[in-house]
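Input: one structure, supplied below.
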Amino acid sequence: MLSNKASWFSTTVMRAVVVNKFGGSEVLEIKRNVPIPKPKENEVLVKVAAVGVNPVDVYIRSGNYSKLPTLPYIPGNDVCGTVVHVGGDVKNYQEGDRVCSFRTSSGAYGEYTSICSKYLIKLPEDYDFVKGAAVGTPYLTAYRALIQKANFKPGQTILIHGASGGVGMAATQLAISKGMNVIGTAGTEEGMKMVRENGVKYVFNHREEGYASSVMSATGGQGVDGIIEMLSNVNLARDLDMLAPKGMVLVVGSRGSIEINPRAMMGRETNIQGVALGSSPDEDLREASLAVEVGLKQGWLNPVIGPKYSLNDVQQAHEDIIHNTGSKGKMVLII
Ligand SMILES: NC(=O)c1ccc[n+]([C@@H]2O[C@H](COP(=O)([O-])OP(=O)(O)OC[C@H]3O[C@@H](n4cnc5c(N)ncnc54)[C@H](OP(=O)(O)O)[C@@H]3O)[C@@H](O)[C@H]2O)c1
């Protein structure tokens, strides 16, 4: 039950994107009469201001993902907005709080969403909603990879392979804040500039032949201690040759298969580690969320925003995130 305080609810319906069947971007339909979700006692209802678009939104919409929602569904998970109702069992949040999240109960691409309080990230007062929409999945994934799975330490050298994208930029900022030495890659001059502007000295173009030798030269031939990999199906074999002894590749993104030579891992006793934010236990998600809240307060966590789309242009946003010609920061839907 929504509280009586929510008397401003002049309507019980909202505008949202609804998917009735898996398929191309044309299955994203904007509806005006979608019921406003009814939050449970452990949930809050959020008036959504902006939504981060993630590649996984597209994989799910197209039906090519291991866990698919029941149809019909509202896509997305990375939301930012204002709490407008607090369930009876929720502590620490109140109406008017600015929050973001990486996991909703009812979907993100709509005017309202319900979110379990354990998946909320509190934003500083007056924090920009558009930036807030770029926090959840990218920064939690970066934390999962760099800290929870790899436990990289200050002084280690990490290659962020795809530093210009949402997760890559988050990983870059997090690694630098923890005292790691970052080498980054991007696919365009604009992307490389963005990575440099975020404090990375050695930035290479992953679309140019021979960039792997430049990475090796930047480490004095030693190789890197870790690689955060956004496109493993293209890079994994080459990554293994860029690792220092005991180094680790974190498989964050992959869009297909690749052949590797396991022998490349033997001499230097290197590792390949999978990363899945969706499989992280709740206590790990809470730890990562608290680290992100600290980053927001300290200011090292500062999302770079790329193209903004209105809800009407959601189909275009889904085309662009997969077929873009070079990342220019986090893609955001304005609700
Ligand atoms: N495992 C998880 O839990 C998890 C969580 C979130 C995301 N992901 C996955 O991680 C990947 C990145 O997500 P995102 O949100 O950062 O996407 P994004 O914002 O679209 O960024 C994609 C990044 O990949 C880079 N890239 C393109 N071609 C590359 C290549 N040949 N080698 C290295 N990098 C290349 C892009 O660089 P340019 O555009 O500059 O070429 C860009 O930096 C996606 O596959 C996504 O599904 C996984």
Side-chain angles (χ1 to χ4, degrees), residues 51-62 64-67 76-78 102-103 133-146 148-150 159-174 182-196 198 200 203-212 215 224 227-239 242 249-256 258 272-281 284-285 288 303-307 317-332:
V51 173
V53 182
N54 287 298
V56 70
D57 301 351
V58 178
Y59 311 153
I60 293 172
R61 186 218 69 218
S62 61
N64 294 316
Y65 198 62
S66 50
K67 281 183 247 164
N77 269 307
D78 269 345
F102 51 92
R103 186 175 291 172
V135 169
T137 296
Y139 286 87
L140 261 64
T141 304
Y143 190 88
R144 178 96 191 131
L146 283 165
Q148 291 178 331
K149 299 314 295 183
L159 170 65
I160 315 282
H161 216 165
S164 47
V167 178
M169 189 50 66
T172 298
Q173 293 175 359
L174 175 60
V182 172
I183 298 174
T185 75
T188 61
E189 267 310 315
E190 199 179 352
M192 289 168 70
K193 181 167 174 273
M194 204 168 78
V195 179
R196 276 191 212 98
N198 276 269
V200 182
V203 185
F204 305 109
N205 188 331
H206 49 233
R207 293 184 198 172
E208 280 176 7
E209 281 293 319
Y211 76 92
V215 171
V224 293
I227 301 179
I228 306 295
E229 182 52 71
M230 304 306 160
L231 203 57
S232 310
N233 55 304
V234 171
N235 297 323
L236 190 56
R238 188 172 32 218
D239 286 347
M242 287 193 275
V249 182
L250 283 297
V251 176
V252 172
S254 187
R255 291 185 178 165
I258 181 170
I272 302 173
Q273 169 71 56
V275 178
L277 186 65
S279 308
S280 311
D284 286 4
L285 291 170
V304 178
I305 303 302
H318 269 218
E319 291 296 327
D320 291 352
I321 195 158
I322 296 300
H323 304 296
N324 75 6
T325 52
S327 303
K328 301 175 186 72
K330 185 75 195 164
M331 186 179 283
V332 174

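On a predicted model such as this, the values are computed, not experimentally measured, just so you know. Indexing begins at 1, ligand by ligand and atom by atom, following the structure's order. By convention here, the first residue in the shown sequence is residue 1. We use all heavy atoms of the structure for the numbers below, so side chains are in, but hydrogens, waters and symmetry mates are not.
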Protein residues having a heavy atom less than 4.0 Å from any atom of ligand 1: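 Ligand 1 pocket, heavy atoms under 4.0 Å: P55, Y59, T137, T141, H161, G162, S164, G165, G166, V167, A186, G187, H206, R207, M230, L231, N235, V252, G253, V275, A276, L277, G326, S327.
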Output all residues satisfying ring-ring contact (aromatic ring centres under 6.0 Å, His included) with F102, sequence neighbours left out; order by chain, then residue number.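 For F102 the ring-ring contact (aromatic ring centres under 6.0 Å, His included) partners, ignoring immediate neighbours, are Y119.
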Could you tell me which residues satisfy side chain to side chain contact (heavy atoms under 4.5 Å, CB included) with V234, sequence neighbours excluded, listed by chain and number? L231, R238
Using a 6.0 Å cut-off, check whether atom OH of Y59 has over 12 heavy atoms from anything other than its own residue. yes
More than 12 heavy atoms of other residues, nucleotides or ligands under 6.0 Å from CD of E190: is that the case? no
Restricting to ring-ring contact (aromatic ring centres under 6.0 Å, His included), what partner residues turn up for Y211, sequence neighbours left out?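 Scan of Y211 (ring-ring contact (aromatic ring centres under 6.0 Å, His included), adjacent residues dropped) gives H161.
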Side-chain contact test, heavy atoms from C-beta onward, threshold under 4.5 Å: evaluate it for S280 versus R144 and give yes or no. yes
